[in-house]
Amino acid sequence: MIELARSTWTEVAAHMKSGQTESGRTTAFLPFGALEQHGPHLPLSTDTLQCGEIARRLAERTDGILLPPVHYGETWGNSGHPGTISLAPSTVTAIAVDIARAAAGFGVDAFVIVNGDYGNMNPLVLASRLLQMEHGIPALVIDYPGLVAAGDAVKESPWAAPGLCHADEMETSMILAIDPDLVHPDRYAPSYPEMPADFGHRPIRLGDLAESGVFGDPRPATAAKGESIIEAVVANALELVTAFQSAVRG
Ligand SMILES: [Zn+2]
């Protein structure tokens with residue numbers, strides 16, 4: 001694995017050269033996060049930390065290239081809370097396309113975007129299509145595969161809505177596993193807002209439903225649960241990456 005932000009260009013050149021004979025070494029992983037509210041007890045960088053950790057483990061296990069994370073994303077749904085900064089969807093698409101094209105320029109032949117934020121998904125899927133159709137760069141988007149099952153395996157608190165994971169037991173557990181100094185357990189407060197029947201089917205800002213920004217109960221969170229959720233997602237993602245690499249390379 002090579003981490004671009006901590007490497008010199010000569011080290012990158014050597015890695016790319018060896019990748020011509022060892023399949024996998026020329027796959028790049030881009031964590032795409034967000035700066036968005038995660039309740040009073042988790043940092044604004046929660047999604048970036050989560051996808052950054054998943055991308056790091058994927059790069060380690062495939063001997064790939066780890067790109068530095070994008071710390072901003074499309075998070076209109078969390079606007080209204082101080083500190084949340086949202087990009088336009090077209091900006092997210094453009095950032096992903098620009099980074100992939102630059103990486104392809106020095107030999108990356110398989111580009112994996114590891115998404116950390118709900119609002120990024122559609123813009124990143126569009127980016128992967130543009131990369132493939134207009135630039136001939138194979139791109140895969142990973143979005144916490146198997147997260148619901150991984151959560152159900154360890155969760156003690158109910159979901160605020162099916163599959164909705166925001167500042168709850170799951171996200172709090174993951175940040176406890178990744179960087180516990182950023183978690184404020186003294187501020188844990190459960191929140192189960194009434195969810196409109198059409199939630200997820202029209203634009204709804206989370207802050208209009210729950211003032212605290214919490215959807216669930218962070219109190220049962222532990223680092224061990226977070227580690228098991230992250231590992232389950234990484235295992236599922238590895239299967240996707242392997243299938244993608246063999247599709248790309250034949
Ligand atoms: Zn989140």
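Whatever order the structure lists them in is the order used to number ligands and atoms, beginning at 1. Residue numbers run from 1 in the order of the sequence given. Just so it is clear, the structure is predicted and the values come from calculations on it, not from any experiment.
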Checklist outcome for this item: the Zn ion (ligand 1) -> His38, closest N, O or S atom is NE2

Checklist entry - What atom name does the N, O or S atom of Asp47 nearest to the Zn ion (ligand 1) carry? => result OD1

Checklist entry - Considering all heavy atoms of both residues, which atom of Pro218 and which atom of Ala167 are nearest to each other, and what is their separation? => result CB-O, 4.1 Å

Checklist outcome for this item: For Leu164 and Trp159, the nearest pair of non-hydrogen atoms, with its separation, is O-CE3, 3.4 Å

Checklist entry - Is the Zn ion (ligand 1) under 2.8 Å from any N, O or S atom of Glu171? => result yes

Checklist entry - Does the side-chain contact (heavy atoms from CB on, under 4.5 Å) test come out yes or no for Asp47 and Asn120, once each step is laid out? => result CA-CA 11 Å; Asp47 292 348; Asn120 288 344; over 6 Å; no

Item to check | Distance (rounded to the nearest 0.5 Å) between Met16 CE and Asp109 CG | outcome: 7.0 Å

